[in-house]
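One structure is given below, encoded as structure tokens.
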Amino acid sequence: MQTTFAPERLEADPQLASSEKILRTCVHCGFCTATCPTYVLLGDELDSPRGRIYLIKDMLEQDRPATTEVVRHVDRCLSCLSCMTTCPSGVHYMHLVDHARAHIEKTYRRPPLDRLMRATLAFVLPHPGRFRLALTAARLARPFAGLLAKLPGGPRIAAMLALAPAALPAASANDGARTFKAAGERKARVALLQGCAQKVLEPSINDATIRLLTRFGVEVVHAAGEGCCGSLVHHMGREEESLAGARRNVDAWTRVIEDGGLDAIVVTTSGCGTTIKDYGFMLRDDPAYAAKAARVSALAKDVSEVLATLPLKPARPTGQTVAYHAACSIQHGQQIREEPKAALKAVGFQVKEPAEGHLCCGSAGTYNILQPEIATRLRDRKVANIERVGGEVVAAGNIGCLTQIRSGTALPAVHTVELVDWATGGPLPAALEGHGFEGMADAAE
Ligand code: SF4
Ligand code: SF4
């Protein structure tokens with residue numbers, strides 16, 4: 001794609017220079033439109049990757065504040081990155097849309113309700129204490145969901161209430177900065193991201209990860225001072241907040257690297273993994289952090305990548321059929337396809353893959369709250385494909401997808417790592433109680 005940016009602007013602004021390079025790699029072929037969930041649903045070129053690329057190019061090239069039209073179509077983008085998997089020219093859409101979102105945040109004044117909703121999400125979600133309180137309030141407000149839905153901004157409030165779990169698990173006994181020793185000889189040492197929303201919604205996921213990794217000789221460290229990876233605010237264009245989160249985590253893991261070394265930084269929420277793998281890029285122009293951030297990104301691994309290095313085998317009879325849902329952030333964001341399925345198969349599960357596996361389930365961070373109508377249509381389509389494939393349980397590697405899928409089906413849905421932990425000797429995941437797995441659990445005891 002031809003561009004006409006003034007050379008002095010590119011020289012003065014490295015982010016603009018990087019986006020201009022991305023724009024020039026797009027050859028307008030349109031292959032990406034066929035696999036873009038919003039284009040598939042809405043059929044509007046401006047809701048396709050190519051259409052958005054044109055809108056972003058025009059906005060950046062003319063150095064214009066974002067218009068309502070640009071905001072509407074960029075807001076509808078899920079950042080699922082399906083377009084990046086499809087694009088034959090290697091267009092780095094993720095970095096381009098991240099830049100566009102930051103530009104929108106700086107130059108566009110959203111309507112008051114939209115501003116309030118976004119500010120609330122950014123204030124609450126990355127902080128486990130605040131998130132826990134908000135979920136308690138959501139539970140109390142749920143009986144009034146019908147009334148609240150009629151207020152201005154009601155559909156978003158209703159979407160938020162629908163996603164809040166009926167009961168909150170207690171905080172994990174594993175919380176906080178500490179080290180979990182490997183069982184037997186130590187073969188590797190990793191840091192495990194504790195994160196933010198997942199540890200409130202489902203602490204069992206990281207608990208299962210610690211059990212599983214230590215069982216196979218991996219020492220697991222919770223780094224002091226680590227927190228939200230920054231992706232929730234990053235996708236809202238709140239650049240400074242996301243960079244602050246990235247710097248804090250880089251510092252936390254650098255201290256661990258310098259005090260004993262690390263073989264990997266393990267992430268069990270693939271959305272966070274995509275962002276942490278991008279810290280090197282996000283902080284590339286910060287001389288104090290560029291090298292440290294690149295080192296952290298190089299060490300970051302989705303938990304399924306670590307499972308691929310372990311000699312997994314079942315410790316109890318398994319054989320159940322698992323419908324594997326590939327989170328966009330795993331398959332498109334991190335280009336990880338085989339490892340989660342291989343881990344499930346290695347411990348005896350039969351793995352089935354639903355049709356249209358490349359399409360997003362509609363979760364996408366805060367998307368299912370901010371764009372509830374499109375998100376619900378995508379969820380229903382995803383759930384229909386999952387139910388058609390006929391598994392006894394759904395497995396996915398991202399808490400957002402699990403929450404979204406569960407809100408549309410009676411099938412149990414658990415993190416891949418919880419199934420692998422159970423199959424290799426861990427306890428039955430609570431979500432599987434009453435689903436015919438108990439007999440298998442007893443057989444191993
Ligand atoms: S990230 Fe997903 S929703 Fe956004 S343009 Fe690409 S394919 Fe479409
Ligand atoms: S597939 Fe790639 S090169 Fe083709 S229009 Fe889409 S982003 Fe541009």
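Since the structure is predicted, the reported quantities are computational estimates derived from the model, not experimental observations. As the structure lists them, so they are numbered: ligands from 1, and atoms in each ligand from 1.
The side-chain tip of Arg284 points at the ring of Phe281 from less than 6.0 angstrom away and within 45° of straight on.
A donor and an acceptor atom, one from each side chain of Asn249 and Glu226, are nowhere located under 3.5 Å apart.
Those atoms of ligand 1 with a heavy atom of Leu81 less than 4.0 angstrom away are 1 (S), 2 (Fe). Close contacts of ligand 2 with Gly30, meaning ligand atoms under 4.0 Å from a residue heavy atom, involve 4 (Fe), 5 (S). Annotation for ligand 2: atoms under 4.0 Å from non-hydrogen atoms of Ser89 are 3 (S). Taking every non-hydrogen atom of Val27 and a distance limit under 4.0 Å, the qualifying atoms of ligand 2 come out as 3 (S), 8 (Fe). Close approach to Pro88 involves these atoms of ligand 2, each under 4.0 Å from a residue heavy atom: 1 (S). Residue-ligand proximity, Ile53 to ligand 2, at heavy-atom distances under 4.0 Å covers atoms 7 (S). Ligand 2 places these atoms under 4.0 Å from at least one heavy atom of Cys29: 1 (S), 3 (S), 4 (Fe), 5 (S).
Atom CD of Glu11 has 12 or fewer neighbouring heavy atoms from other residues, nucleotides or ligands inside a 6.0 Å radius.
For the ligand labelled ligand 2, residue Thr86 lies outside the 4.0 Å heavy-atom shell.
The shortest distance between side-chain heavy atoms of Cys32 and Ser48 does not fall below 4.5 Å. Ile210 has its side chain within reach of Leu192: a pair of non-hydrogen atoms, C-beta onward, lies under 4.5 Å apart. Between Glu418 and Ser204, the closest side-chain pair of non-hydrogen atoms falls below 4.5 Å. Using a 4.5 Å cut-off on side-chain heavy atoms (C-beta onward), Trp422 and Pro429 make contact.
For the pair Arg101 and Asp75, the salt-bridge criterion is not met [side-chain N within less than 4.0 Å of a carboxylate O].
Atom 8 (Fe) of ligand 2 has its closest protein heavy atom at Cys26 SG, 2.4 Å.
Taking the six-membered ring where tryptophan is involved, the planes of Tyr54 and His28 are tilted, since the angle between them lies from 30° to 60°. Using a 30° and 60° split on the angle between ring planes, His92 and His95 fall in the parallel class, below 30°.
Excluding waters, the set of protein N, O or S atoms lying under 2.8 Å from atom 8 (Fe) of ligand 1 comprises Cys36 SG.
Under 4.0 Å from ligand 2, the heavy atoms of His28 that appear belong solely to its backbone.
Residue side and main chain included, Cys87 places no N/O/S atom under 2.8 Å of atom 4 (Fe) of ligand 2.
Here the NE2-OG1 distance, from His325 to Thr416, works out to 10.0 Å after rounding to the nearest 0.5 Å.
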